[in-house]
Peer 1: 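Sharing a structure below in structure tokens format, with a few things to ask.
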Amino acid sequence: DHTPVPVSVATRRGRSWVSPPDQDVDGPTDAFDSGALVGLDVAEATQLANAAGWLVRAHETEAILTADYNPSRLNLRCGDHDKVLSVDKG
């Protein structure tokens, strides 16, 4: 049977990017309140986390991410208007 099958293709969001910590910082500090990043613009949140020594992986909600764990990394999930929705360590 050679009946055509309808296929729907839609563009999905799903970008992700990484930002290294500032070079003049000796590594991440546990005193940094990562929860305070929620609600901020992702660019501002990234700058604050990098300045505190954290590697940042920011990603849109639909992004496909690797499952590797990095204790020096903050994962920033951002939504519409590039606002941080949640922060996870690792």
Side-chain angles (χ1 to χ4, degrees):
D1 172 283
H2 295 289
T3 304
V5 176
V7 175
S8 175
V9 177
T11 303
R12 294 186 58 172
R13 293 170 28 129
R15 297 177 301 143
S16 68
W17 58 97
V18 175
S19 179
D22 291 354
Q23 291 185 358
D24 58 343
V25 180
D26 289 334
T29 173
D30 288 330
F32 180 71
D33 181 12
S34 60
L37 302 176
V38 175
L40 296 179
D41 179 81
V42 70
E44 179 184 3
T46 298
Q47 288 176 349
L48 291 171
N50 287 158
W54 289 93
L55 170 69
V56 172
R57 175 171 62 182
H59 64 91
E60 293 177 330
T61 303
E62 297 87 359
I64 297 171
L65 304 174
T66 59
D68 64 313
Y69 178 79
N70 183 337
S72 301
R73 181 177 62 208
L74 292 178
N75 297 300
L76 307 180
R77 184 173 62 95
C78 59
D80 294 336
H81 309 293
D82 288 334
K83 298 293 181 191
V84 177
L85 300 175
S86 66
V87 180
D88 296 308
K89 290 182 181 176

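Heads up: numbering here begins at 1 and tracks the sequence. We use all heavy atoms of the structure for the numbers below, so side chains are in, but hydrogens, waters and symmetry mates are not.
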Peer 1: Check whether V56 and V38 end up in the same hydrophobic cluster, where Ile, Leu, Val, Met, Phe, Trp and Tyr are linked by side-chain heavy atoms less than 4.5 Å apart.
Peer 2: yes
Peer 1: Would you say the side-chain atoms of N50 pair up with the backbone N or O of D22, donor to acceptor, closer than 3.5 Å?
Peer 2: no
Peer 1: Could you list the donor-acceptor pairs under 3.5 angstrom formed between side-chain atoms of residues 63-79 and any protein atom two or more places apart in sequence or on another chain?
Peer 2:
residue	atom	partner	partner atom	Å
T66	OG1	R57	NH1	3.2
T66	OG1	D68	OD1	2.5
D68	OD2	R73	NH1	3.3
N70	OD1	S72	N	2.8
R73	NE	N75	OD1	3.2
R73	NE	G90	O	3.2
R73	NH2	D68	O	2.9
R73	NH2	G90	O	2.6
N75	OD1	R57	NE	2.9
N75	OD1	R57	NH2	3.2
R77	NE	S86	OG	3.2

Peer 1: Hey, can you pull the donor-acceptor pairs under 3.5 Å for the side chains in residues 23-37, sequence neighbours left out?
Peer 2:
residue	atom	partner	partner atom	Å
T29	OG1	A31	N	3.2
D33	OD1	G35	N	3.2

Peer 1: How is the hydrophobic cluster of V18 composed, in terms of its other members, when Ile, Leu, Val, Met, Phe, Trp and Tyr link through side-chain heavy atoms under 4.5 Å apart, directly or indirectly?
Peer 2: L55
Peer 1: Any chain of hydrophobic side-chain contacts (each under 4.5 Å) joining L40 to W17?
Peer 2: yes
Peer 1: Going by side-chain contact (heavy atoms from CB on, under 4.5 Å), V84 matches just one of D41, T46, V42. Which one?
Peer 2: V42
